[in-house]
2 protein chains.
Amino acid sequence: MVMRKKRTNDPEGMRRRVLDVAEDTFQARGYHASSLGDLMAAAGVTGGALHHHFPTKKALALAVIEERVAAAVRETWIDPVLAAPSAREGVRAVFEAVAEELEQQGYVRGCPLNNLAHELSLADDEFRLALARIFADWRQAIADKIRADQLDGGEGAIDPERFAALTVAAYSGAMSMAKASQNAGVLRECLKGFENFELSPSRGRLKRRRRVLPRPKIG
Amino acid sequence: MVMRKKRTNDPEGMRRRVLDVAEDTFQARGYHASSLGDLMAAAGVTGGALHHHFPTKKALALAVIEERVAAAVRETWIDPVLAAPSAREGVRAVFEAVAEELEQQGYVRGCPLNNLAHELSLADDEFRLALARIFADWRQAIADKIRADQLDGGEGAIDPERFAALTVAAYSGAMSMAKASQNAGVLRECLKGFENFELSPSRGRLKRRRRVLPRPKIG
DNA sequence: TTATAAACAGACCGGTTGTCCTGTTTTGTC
DNA sequence: GACAAAACAGGACAACCGGTCTGTTTATAA
């Protein structure tokens, strides 16, 4: 009698593997079209283990949203924009980076946040709240960056919230069309339309007034 | 033995009733979350009748997309924009009309096209093509209107396709956020951001060059 | 070692799903 | 009226889904 292989408990690793395939499968096929059997097979996990870490399918999806989708938005949008020299440049860079990534990978699976938001927002209020918070954080990061730019004198008197809302909306909608047409070109199209627009509320445009003094309020 | 009620065949009416509830249910719960049993119960239709008009669930959804969703986009977007005095005014009017409608009805179910597009674009190529075509028609109508405005001298040298893409993207994305937050305010926010932008490519702005010649087309 | 709980395995079950199939009724046509 | 096709009724079914349940193995602490 041979004891062939011994089991090694690895709770974190197993949880991570499940979240990996769940994130990927939910993104590719959606929540309802992904069965737990599919996930178990893809992750090489038994039902007992899956149920141990995520008692229900909803709990699994909630974890995907709060841990993975939120992180994805942070990594591809919030952090780059905050690190950019200005909000406008950050937005432009993200648009282009995403467009290029999609074009060279040959297909468009859409925005993880928007994909799940459309399918789950009306299905369950817990889902909806988690998704709405990610949207809110996303918009607030952009608005904060605009405000910082304005303090530096590099941005006009545009309303930060409006700019942020429009940016997120334009990106989300563009990704929606890119997914339907399987063509990332509309992303570039929207970016160019976005760039060709100029801010107007301050009709007399302050042209590159590089920061001279620390300013307390919006220029 | 009493023959109480006789049956009356009404193919078109039955088909219409099925499409009515399918359109509504797909919009509210999505495709995968709507079972044929639900639809049959809601429509008061038996399985035989349903299967007679729509052999598969996919065929039903395809009919909803091509007949109902396309019509909804036409009625709430294409026709009003084409009938408006200008593309910009038409877009503004639609944004406001939708926002007001959502606010007074108290909840947001999202854009029918985007809802189905997100769930079905990757699931099946026939779905995807049908949805992509509706997006394309939507954008083209707006672009055509911009071109008409330009011929009338009421619009600058903005790129019509870019304007159209950005408009559809901004609306789709705004509806996505409105659905997640169950608050139509973001629609107004995006509209204001949109209005505050000015067209730039023709840096010297042609200001209100009112029509000098009789125009053959829409006034 | 021993006790205890966590981690995992895998079978099992009730309910649902989409589809199919057989029959009956209505409608149109000659 | 005869007949064929369309329109409709409703049951049946196999596959599948998510969740539960019991049992076994591993890690931890005393």
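Side chains are part of it too, since the values below use all heavy atoms of this structure and drop only hydrogens, waters and symmetry mates. Lettering follows sequence order; numbering is per chain, from 1. Keep in mind the model is a prediction, meaning the values are calculated, not measured.
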Not counting sequence neighbours, which residues clear ring pair (Phe, Tyr, Trp, His ring centres under 6.0 Å) with A/Phe54? List them please. none

How close or far is atom P of D/dA9 from atom CG of B/Asp10, stated in whole angstroms? 11 Å

To the nearest angstrom, how far is B/Phe54 atom CZ from C/dT17 atom C1'? 19 Å

Can you name the salt bridge (charged side-chain N to carboxylate O under 4.0 Å, His left out) partners of A/Glu126, sequence neighbours left out? A/Lys58

Would B/Lys192 and B/Phe95 count as a cation-pi pair here, with the cationic atom under 6.0 angstrom from the ring centre and within 45° of the axis? no

Quick one: is the NZ or CZ of B/Lys57 closer than 6.0 Å to the six-membered ring centre of B/Tyr31, and within 45° of its axis? yes

Expected output is a numbered-order residue list: members of residues 31-52 of chain A with a heavy atom under 4.0 Å from any atom of DNA chain D. What is it? A/Ser34, A/Ser35, A/Leu36, A/His51

Quick one, which residues of residues 116-130 of chain B touch DNA chain D with a heavy atom under 4.0 Å? none

Do B/Arg7 and C/dT26 share a donor-acceptor pair, side chain to base, under 3.5 Å? no

Could you check which residues of residues 57-66 of chain A get a heavy atom under 4.0 Å from DNA chain C? Sort them by number, please. none

Identify, between A/Thr56 and B/Glu12, the residue whose nearest nucleotide on DNA chain D lies closer to the 5' end. B/Glu12

The nucleotide from D/dA27, C/dT27, C/dA9 with an atom nearest the side chain of A/Asn9 is D/dA27

Distance alone, cut at 3.5 Å: any donor-acceptor contact between the side chains of A/Glu119 and A/His32? yes

Does any donor atom in the side chain of A/Lys179 or A/Asn115 lie under 3.5 Å from an acceptor atom in the other side chain? yes

Search all heavy atoms of A/Glu161 against all heavy atoms of A/Ala143 and return the closest pair with its distance. OE2-CB, 4.0 Å

Under 3.5 Å, sequence neighbours excluded: what are the donor-acceptor pairs made by side chains of residues 128-142 of chain A?
from: A/Arg128; atom 1: NE; to: A/Asp125; atom 2: OD1; distance (Å): 3.2
from: A/Arg128; atom 1: NH1; to: B/Ala180; atom 2: O; distance (Å): 3.0

Between the side chains of A/Glu12 and A/Arg17, is the shortest nitrogen-to-carboxylate-oxygen separation below 4.0 Å, so that they form an ion pair? no

Salt bridge (Lys or Arg N to Asp or Glu O under 4.0 Å) between A/Asp10 and A/Arg16: does it pass, once the steps are laid out? CA-CA 10 Å; A/Asp10 179 20; A/Arg16 183 178 45 78; 5.4 Å; no

Given the rule in the ring-ring contact (aromatic ring centres under 6.0 Å, His included) test, do A/Phe163 and A/Phe194 qualify, once you have shown the distances and angles that lead to the verdict? CA-CA 11 Å; A/Phe163 180 88; A/Phe194 204 79; 5.7 Å; yes

